[in-house]
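Index from 1, following the sequence.
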Amino acid sequence: MRTSVLTPYCCYLRVYEPVAAFPERVRSSWVAAGGGVPDRAQPGALVVAEQREALAALLPVLPPGAFAGEHEQRAYAMEVDGAVLFCPDEPALRIREALSDLMTALPDHVLKALLPAGGLERIDFGALRDCPPDAVPHILTARWHVPLVWFVIFGDEERSVGMDPVRELRYRTPMVEARRRVGRAHRLLSQSRPDWKLDPLAALGRWIEAFHPHSWVELDYGGLVHLMDADTLTSDKSAADVTTALRAVAQGNDEEALTAYHRLRKRWWALRVKERAS
């Protein structure tokens with residue numbers, strides 16, 4: 001019997017670093033015996049494995065050994081000018097971050113309503129304690145939409161769309177461009193819109209600053225492509241709309257900036273409505 005598994009309705013912002021950026025311990029675990037090339041999981045299988053662990057994170061107790069052994073060697077790979085860059089999936093670190101955000105964002109009475117009695121006390125934080133306290137995940141995840149601030153990193157010319165045999169939409173850019181665009185956008189908006197809350201943009205800037213300057217950044221629409229028909233996917237120009245909005249702000253053209261912003265909001269609101277209907 002043949003079955004198919006669609007990736008979840010999530011998108012991913014990933015940073016791929018040169019292998020030299022990783023500690024010797026990690027490099028040693030990646031290098032295949034006699035090969036010199038790290039052992040890489042297939043992207044589709046890795047996304048499915050990530051989803052299994054995301055589901056496991058919803059349990060009151062994380063499965064014993066969920067993040068040991070083979071998971072330490074999993075990584076996405078990207079080849080640039082003959083050099084292979086890696087993005088480890090780091091499930092334990094990302095789940096620890098998600099749990100921390102959950103407990104910070106929600107009051108105790110809401111957490112108690114979401115989790116079974118004593119659920120927080122039974123969470124196996126020991127499964128996550130090997131993560132360094134100041135570690136930064138190489139992957140950010142969002143569900144049912146792409147956070148608009150992520151598009152600041154990319155230019156429309158860096159967009160690629162695939163329809164057959166695999167439906168996908170990705171942006172990829174070198175780290176130097178990502179930092180330049182985020183820094184320029186933050187300076188522009190700080191000066192021209194001092195009343196705007198720029199915390200998400202500042203947080204994004206701090207995140208990319210944590211990585212090697214020769215890294216690359218990728219936005220992968222992931223499972224969101226299955227919420228879009230072919231015309232919607234191929235006509236999606238979200239990064240171009242963000243660029244247009246920022247350029248209009250710089251030129252003092254509020255009307256054009258609002259038009260681009262409303263176009264973005266309309267496009268992504270259509271997907272968020274599907275979340276509420278599911």
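- Trp150 has its ring centre no less than 6.0 Å from the ring centre of Tyr221.
- What you find for Val84 and Ala77 is that their closest heavy atoms are CG1-CB, 4.2 Å.
- Here the options are Val225, Leu233, Leu169, the test is side chain to side chain contact (heavy atoms under 4.5 Å, CB included), and the partner is Met163; only Leu233 passes.
- By the side-chain contact (heavy atoms from CB on, under 4.5 Å) test, Ala83 pairs with no residue at all, sequence neighbours left out.
- Contact of the Ile153 side chain with the Tyr171 side chain is not registered, since no non-hydrogen atoms from C-beta on lie closer than 4.5 Å.
- Atoms SG and CG, on Cys11 and Asp220 in that order, are 8.5 Å from each other to the nearest 0.5 Å.
- Val15 pairs with exactly one of Trp216, Phe86, Trp207 by the side chain to side chain contact (heavy atoms under 4.5 Å, CB included) rule, that one being Trp207.
- Of the inter-residue distances, the one linking Leu271 atom CG with Leu227 atom CG reads 5.0 Å to the nearest 0.5 angstrom.
- Note that the CD1 atom of Ile208 and the CZ atom of Arg181 stand 10.5 Å from one another [nearest 0.5 Å].
- Taking 4.5 Å as the limit, some side-chain heavy atom of Cys87 sits within range of a side-chain heavy atom of Ile139.
- Between the side chain of Thr232 and the backbone N or O of Met228 there is no donor-acceptor pair closer than 3.5 Å.
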Trp268 vs Ser238, test: side-chain hydrogen bond (donor to acceptor under 3.5 Å, both in side chains). Steps then yes/no. CA-CA 9 Å; Trp268 291 104; Ser238 293; 3.1 Å; yes

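- Sorted by first and then second residue, the salt bridge (Lys or Arg N to Asp or Glu O under 4.0 Å) pairs with a member in residues 259-269 read Asp241-Arg263, Asp241-Arg267; sequence neighbours excluded.
- The hydrophobic clustering, which links ILVMFWY residues whose side-chain heavy atoms are closer than 4.5 Å, places Leu148 and Leu188 together.
- Contact of the Pro18 side chain with the Ser215 side chain is registered, since non-hydrogen atoms from C-beta on lie closer than 4.5 Å.
- Looking at every heavy atom in both residues, Pro194 comes nearest to Ser192 through CD-C, 3.4 Å.
- The side chain to side chain donor-acceptor pair (under 3.5 Å) check on Glu209 picks up nothing, with sequence neighbours excluded.
- Between His145 and Leu224, the closest side-chain pair of non-hydrogen atoms is not below 4.5 Å.
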Kindly determine whether Arg159 and Phe154 satisfy side-chain contact (heavy atoms from CB on, under 4.5 Å), including the steps that lead there. CA-CA 8 Å; Arg159 169 181 175 270; Phe154 305 97; over 6 Å; no

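- Trp196 and Phe151 fall within the same hydrophobic cluster, defined by Ile, Leu, Val, Met, Phe, Trp and Tyr side-chain heavy atoms under 4.5 Å apart, directly or through other members.
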Given the rule in the salt bridge (Lys or Arg N to Asp or Glu O under 4.0 Å) test, do Glu157 and Lys237 qualify, once you have shown the distances and angles that lead to the verdict? CA-CA 10 Å; Glu157 71 280 2; Lys237 296 281 189 175; over 6 Å; no

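- Side-chain N or O atoms of His262 include none that pairs as donor or acceptor with a backbone N or O of Ala260 at under 3.5 Å.
- In this view, Glu218 and Arg14, Tyr16, Arg170, Arg172 satisfy the side chain to side chain donor-acceptor pair (under 3.5 Å) rule, not counting sequence neighbours.
- Looking at Leu201 and Val152, their side chains come closer than 4.5 Å, going by heavy atoms from C-beta outward.
- Separation of atoms CG (Leu85) and OH (Tyr76) is listed at 16.0 Å; rounding is to 0.5 Å.
- Under the rule for a side chain to side chain donor-acceptor pair (under 3.5 Å), Arg167 has no partner lying at least two apart in sequence or in another chain.
- Counting all heavy atoms, side chain and backbone alike, Ser235 lies closest to Asp231 at OG-O, 2.7 Å.
- How far CH2 of Trp269 is from CG of Leu264: 15.0 Å, rounded to the nearest 0.5 Å.
- For the atom pair CD of Glu17 and CZ of Phe211, the computed distance is 6.0 Å after rounding to the nearest 0.5 Å.
- Checked against the 6.0 Å centroid criterion, the rings of His138 and Tyr12 do not qualify as a close aromatic pair.
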Review item, side-chain donor-acceptor pairs of residues 243-255, under 3.5 Å, at least two apart:
unit_1	atom_1	unit_2	atom_2	d
Thr243	OG1	Ala239	O	3.0
Thr244	OG1	Ala240	O	2.9
Asn253	OD1	Glu255	N	3.4
Asn253	OD1	Glu256	N	3.0
Asn253	ND2	Glu256	OE1	3.3
Asp254	OD1	Arg193	NH2	2.5

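- Other residues, nucleotides and ligands contribute more than 12 heavy atoms inside 6.0 Å of the NE2 atom of His212.
- No more than 12 heavy atoms of other residues, nucleotides or ligands lie within 6.0 Å of CG in Asp81, so this atom counts as exposed by the packing criterion.
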